[in-house]
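For reference, the structure discussed in these notes is given below.
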Number of protein chains: 2
Amino acid sequence: MILTIDLSSQIPIYQQIRDRVVEAVATGELAQGSPLPSTRQLAADLGINFHTVNKAYDLLRQEGLLVLNRKTGAVVQRDARTGPPPAGFTEEWSARLRTLLAEAVAQGLDGPGVLAACRTALTTFAGDVDATEQGEPA
Amino acid sequence: MILTIDLSSQIPIYQQIRDRVVEAVATGELAQGSPLPSTRQLAADLGINFHTVNKAYDLLRQEGLLVLNRKTGAVVQRDARTGPPPAGFTEEWSARLRTLLAEAVAQGLDGPGVLAACRTALTTFAGDVDATEQGEPA
DNA sequence: TCTTTGTTCTATAAGTAATAGAGCAGCACA
DNA sequence: TGTGCTGCTCTATTACTTATAGAACAAAGA
């Protein structure tokens, strides 16, 4: 797991770390049981304070993606996530999705273009997107 | 335009105002030329400080969605947005989309489910989503 | 003239982000 | 037993953000 962050970005460092880990879990690059570097190790690698990494890991634990303990270190927990998402997640997430898509439409992207962007992003993660739920396979 | 905000939310008030306006522009509820209440008026209606509204309007102006002047007040500018989005927007937006979709996949939503959520959100805005670009119309 | 508008300035209080240092308990390995 | 690494916690500081507030100005309208 190679993790790169942008120190000059507006997005907080701990948020960037969280986002990269979430994306790596989604792609499968970080599967269940995958070890992450220790907070101090990752902090040293990125040239930042270990408290910042701590905050990111703590966030990921709250989201149920990471298990932390002294024995095993930081380990990805994606088995439970193969089940349904936690209560309230889908509602809160849908609201954020709505805002993000609205932004693109308001800026002039057309509906099919936005959906194509979603599809493109999704294929990086899920692989097969056009399944039997709603889709019309090619 | 009825604008509601949640004072107990983690999301900053000025951001909520911006998000609601962006969504209203996307749905067409706020078309080109639609007037928005003055900063002081909206602040009074929402029970907040007018500087907070000012910040939201300023953000919307920077994004090219609003035109502000003493003559006309705050007016929606969506004609320019019927054209292509500003340079760099699509890249930055796609990165945020990727992170948001990854979040859902990591939490256990499957690919078709996520795409269906995108489609649902989009139909509120664009209406016809399955056009001739990438799509397979029903 | 009076009011309303956008705009700008300073200021304050509370919270967040990132830094830093110190320390403790659990575990592994030699 | 000792050393080292781990997660975890505590305090502290600096800088920035959020939201508040008050004041003032010029342009426009009634």
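Protein chains get the first letters and strands the later ones, always in sequence-line order, with residue 1 at the start of each.
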**Report entry** First of A:His51 and A:Gln15 reached from the 5' end of DNA chain C, by closest nucleotide
**Finding:** A:Gln15
**Report entry** Qualifying residues under side chain to side chain donor-acceptor pair (under 3.5 Å), relative to A:Thr99, sequence neighbours excluded
**Finding:** B:Glu23
Query raised in the report: Which part of the nucleic acid does A:Ser38 contact within heavy-atom distance under 4.0 Å: base, sugar-phosphate only, or nothing?
Result: sugar-phosphate
Query - Span of DNA chain D in contact with chain A (heavy atoms, under 4.0 Å) - result: D:dT6 to D:dC10
Query raised in the report: Counting any heavy atom closer than 4.0 Å, what does B:Tyr57 reach on the DNA or RNA strands: base, sugar-phosphate only, or nothing?
Result: nothing
Query raised in the report: Is there a residue in residues 39-47 of chain B whose heavy atoms reach under 4.0 Å of DNA chain D, and which residues are they?
Result: B:Arg40
Query raised in the report: What residues in residues 67-76 of chain A put a non-hydrogen atom under 4.0 Å from any atom of DNA chain C?
Result: A:Arg70, A:Lys71
Query raised in the report: Do the side chains of A:Val76 and A:Val67 get nearer than 4.5 Å, heavy atoms only?
Result: no
Report task. Let me see the working for B:Leu65 and B:Val21 under side chain to side chain contact (heavy atoms under 4.5 Å, CB included), right down to the final yes or no. Result -> CA-CA 9 Å; B:Leu65 295 180; B:Val21 171; 5.8 Å; no
Query - B:Thr52: side-chain contact (heavy atoms from CB on, under 4.5 Å) partners, not counting sequence neighbours - result: B:Ile13, B:Tyr14, B:Ile48, B:Asn49
Query raised in the report: Taking only residues two or more places apart in sequence, or in another chain, which ones meet B:Arg18 in a salt bridge (charged side-chain N to carboxylate O under 4.0 Å, His left out)?
Result: A:Glu103, B:Glu63
Report task. State whether the side chain of B:Trp93 and the backbone N or O of A:Leu101 hold a donor-acceptor pair below 3.5 Å, judged by distance alone. Result -> no
**Report entry** Donor-acceptor contact present, side-chain A:Gln107 to main-chain B:Phe89, <3.5 Å
**Finding:** no
Query raised in the report: For DNA chain C, which nucleotides open and close the run of contacts to chain A, 5' to 3', at under 4.0 angstrom from a non-hydrogen atom?
Result: C:dA17 to C:dC27
Query raised in the report: Please, which pairs that meet salt bridge (charged side-chain N to carboxylate O under 4.0 Å, His left out) have at least one residue in residues 30-58 of chain A, sequence neighbours excluded?
Result: A:Asp58-A:Arg61
Query - Partners meeting side-chain contact (heavy atoms from CB on, under 4.5 Å) with B:Ser8 (sequence neighbours left out) - result: B:Asp6
Query raised in the report: For A:Glu91, which residues count as a salt bridge (charged side-chain N to carboxylate O under 4.0 Å, His left out) partner, sequence neighbours excluded?
Result: none
Report summary line: dist A:Ile17:CD1 -> A:Arg20:CZ (nearest 0.5 Å) comes out at 10.0 Å
Query raised in the report: What pairs with B:Thr123 under side-chain contact (heavy atoms from CB on, under 4.5 Å), at least two apart in sequence or on another chain?
Result: B:Val129
Query raised in the report: What residues form a side-chain contact (heavy atoms from CB on, under 4.5 Å) with A:Ala74, not counting sequence neighbours?
Result: A:Leu36, A:Tyr57, A:Leu66, A:Leu68
